[in-house]
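Contents: one structure, followed by commentary.
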Amino acid sequence: MNKKIKIATWNVNSLRVRLPHVLDFLKNTAPDILALQEIKMTDDKFPIEEIQAAGYHVLFSGQKTYNGVALLSRMKGNDVITDLPHLDDPQRRVLGTTYDNKLRVLNLYVPNGASLDSDKYQYKLNWFKYLHNYISESIQEFPHLILLGDFNIAPEDRDVYNPAAWKGKVIVSPPERAALRDLLSLGLHDTFRLFEQPPALFSWWHYRREAFARNMGLRIDFILASSSLSSHCTSCMIDIAPRGLERPSDHAPVVATFDL
DNA sequence: ATGGCAGGCTATGCCTGA
């Protein structure tokens with residue numbers, strides 16, 4: 001067969017506020033799968049009708065005020081999970097499903113970590129340990145595995161606008177970077193880095209002080225693919241256009257295409 | 001050097017984000 005599939009991820013920082021941007025993105029980019037993070041709403045508030053009217057199935061795992069993840073897709077997903085196995089966590093950061101009985105997709109909103117001396121940093125590293133253990137099993141069960149979302153880790157200095165200013169901070173700390181490298185070593189590939197990319201391409205910019213206009217950003221949103229998928233990946237790009245809209249999310253969507 | 005913006009909440013400032 002020769003099937004093209006387009007997969008995207010976007011931290012929308014409130015789906016209530018960003019729904020018009022998301023509907024425009026579905027129309028303009030027409031992804032087969034769109035993973036959303038930080039929808040910031042309880043499940044009873046999810047805009048099911050609007051998204052179904054755009055031609056997409058919906059899965060979501062939300063909570064009040066914070067976090068929350070969703071998957072919008074052309075195909076219907078099966079075998080849904082909303083937690084990392086063995087981790088009892090009220091925070092809604094995980095949404096996994098299987099499409100066409102073979103493509104396993106895990107949408108992740110990795111904890112931010114606040115600062116290196118905080119409990120939230122320990123929570124982040126611990127959360128990542130449970131993720132690692134789960135993926136070490138999942139990648140055996142599902143050769144076609146995609147992990148995508150907001151990882152809240154900048155893998156290398158080239159993913160940071162000003163590495164010197166970020167040194168010693170959360171997002172770039174050596175233990176976080178090591179945790180991400182260990183995850184990739186299970187057999188996952190950062191699809192963005194499969195291709196030659198211009199320097200200083202980021203997926204997040206602070207709202208403050210014209211950070212986007214000055215391209216003071218970080219690359220922390222990824223589409224990771226298992227080897228059997230990454231070899232069929234034909235592109236990965238960051239779509240910065242939505243970051244320039246009125247009332248934007250602070251993150252830009254990342255889009256990857258596969259020729260399966 | 002510092003702090004700056006945005007979203008949600010039941011608040012009329014505080015917490016969180018990265």
Side-chain angles (χ1 to χ4, degrees), chain A residues 9-22 35-47 60-70 89-94 107-128 131 148-180 190 192 200-222 238 240 242-254:
Chain A
T9 179
W10 195 6
N11 179 325
V12 289
N13 186 20
S14 167
L15 183 56
R16 182 186 70 79
V17 175
R18 232 65 67 194
L19 182 60
H21 291 192
V22 170
L36 302 176
Q37 303 87 36
E38 283 204 87
I39 63 172
K40 293 187 171 180
M41 54 174 53
T42 47
D43 290 348
D44 58 302
K45 302 279 203 313
F46 195 89
F60 44 87
S61 179
Q63 69 180 88
K64 200 174 178 182
T65 311
Y66 301 119
N67 309 316
V69 283
D89 186 0
Q91 299 190 26
R92 304 292 80 203
R93 298 179 174 278
V94 175
N107 176 16
L108 301 172
Y109 177 43
V110 176
N112 169 280
S115 63
L116 267 57
D117 58 359
S118 70
D119 292 344
K120 289 177 183 170
Y121 183 70
Q122 294 307 321
Y123 163 68
K124 181 180 193 173
L125 293 177
N126 186 57
W127 191 95
F128 226 90
L131 175 65
L148 78 175
D150 177 357
F151 283 75
N152 269 317
I153 299 171
E156 301 177 64
D157 280 355
R158 61 178 168 165
D159 302 306
V160 180
Y161 72 93
N162 184 352
W166 277 88
K167 199 170 164 61
K169 297 200 167 143
V170 75
I171 307 294
V172 306
S173 76
E176 293 169 73
R177 285 178 164 176
L180 180 59
D190 180 353
F192 184 80
L201 290 190
F202 304 124
S203 66
W204 172 88
W205 303 259
H206 214 294
Y207 283 119
R208 293 180 278 204
R209 270 300 288 273
E210 315 248 316
F212 179 60
R214 298 155 76 187
N215 198 32
M216 299 167 68
L218 304 170
R219 193 178 70 90
I220 54 178
D221 300 87
F222 317 128
I238 300 168
I240 65 167
R243 185 61 178 80
L245 298 172
E246 286 284 311
R247 267 194 119 180
S249 167
D250 43 358
H251 293 252
V254 183

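Reminder, nothing fancy here: chain letters follow the sequence lines and each chain counts from 1. Reckoned from all heavy atoms, side chains included, excluding hydrogens, waters and symmetry mates.
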In whole angstrom, give me the gap between the [atom1] atoms of [N] and [M].
N: B:dA6; M: B:dA18; atom1: P; result: 16 Å
N: B:dG4; M: B:dC15; atom1: P; result: 15 Å
N: B:dG17; M: B:dG3; atom1: C1'; result: 15 Å
N: B:dA11; M: B:dT16; atom1: C1'; result: 15 Å

Sugar-phosphate, base or nothing in reach of A:Arg18, heavy atoms under 4.0 Å: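 Since only primed, P, OP1 and OP2 atoms lie under 4.0 Å of A:Arg18, the category is sugar-phosphate.
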
Nearest-Å distance, [atom1] ([X]) to [atom2] ([N])?
X: A:Gln63; N: B:dC9; atom1: CD; atom2: P; result: 11 Å
X: A:Ile39; N: B:dA6; atom1: CD1; atom2: C1'; result: 18 Å
X: A:Glu246; N: B:dC5; atom1: CD; atom2: P; result: 16 Å
X: A:Leu245; N: B:dA6; atom1: CG; atom2: P; result: 14 Å
X: A:Trp204; N: B:dA6; atom1: CH2; atom2: P; result: 13 Å
X: A:Lys45; N: B:dG8; atom1: NZ; atom2: P; result: 11 Å
X: A:Arg214; N: B:dG3; atom1: CZ; atom2: P; result: 16 Å

Going by the rule ring-ring contact (aromatic ring centres under 6.0 Å, His included), which residues pair with [X] if we only count those two or more places apart in sequence or in a different chain?
X: A:Phe212; result: A:Trp205
X: A:Phe202; result: none
X: A:Tyr121; result: none

Approximate separation, where rounding is to 0.5 Å, of A:Ser173 OG and A:Lys124 NZ: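 One finds 7.0 Å between OG of A:Ser173 and NZ of A:Lys124.
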
Separation of A:Asn67 CG from A:Asp150 CG (nearest 0.5 Å):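 Reported to 0.5 Å precision, the distance equals 10.5 Å.
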
Dot-bracket line, read 5' to 3' along DNA chain B, where crossing pairs take [ ] and | marks a partner on another strand, Watson-Crick or G-U under 3.5 Å: ....(((((...))))).

N-O pairing of A:Lys64 and A:Asp43 below 4.0 Å: no

Contact list for residues 242-253 of chain A, test salt bridge (Lys or Arg N to Asp or Glu O under 4.0 Å), sequence neighbours left out: none

Upstream residue (5' side of DNA chain B) when A:Leu15 and A:Val170 are each assigned their closest nucleotide: A:Leu15

Of A:Val17 and A:Lys64, the one whose closest DNA chain B nucleotide lies more 5': A:Val17

Does a donor on one side chain and an acceptor on the other come within less than 3.5 Å for [X] and [Y]?
X: A:Ser14; Y: A:Glu38; value: no
X: A:Asn13; Y: A:Lys40; value: yes
X: A:Gln91; Y: A:Tyr109; value: no

Contact under 4.0 Å: A:Arg247 side-chain N or O vs B:dA6 OP1/OP2: no

Considering only nitrogen or oxygen atoms on both sides, find all protein atoms under 3.5 Å from nucleotides 11-17 of chain B and state each distance.
residue	atom	partner	partner atom	Å
B:dT16	O5'	A:Lys120	NZ	3.4

Minimum-distance nucleotide to A:Arg209 side chain [options: B:dA18, B:dG8, B:dG4]: B:dG4

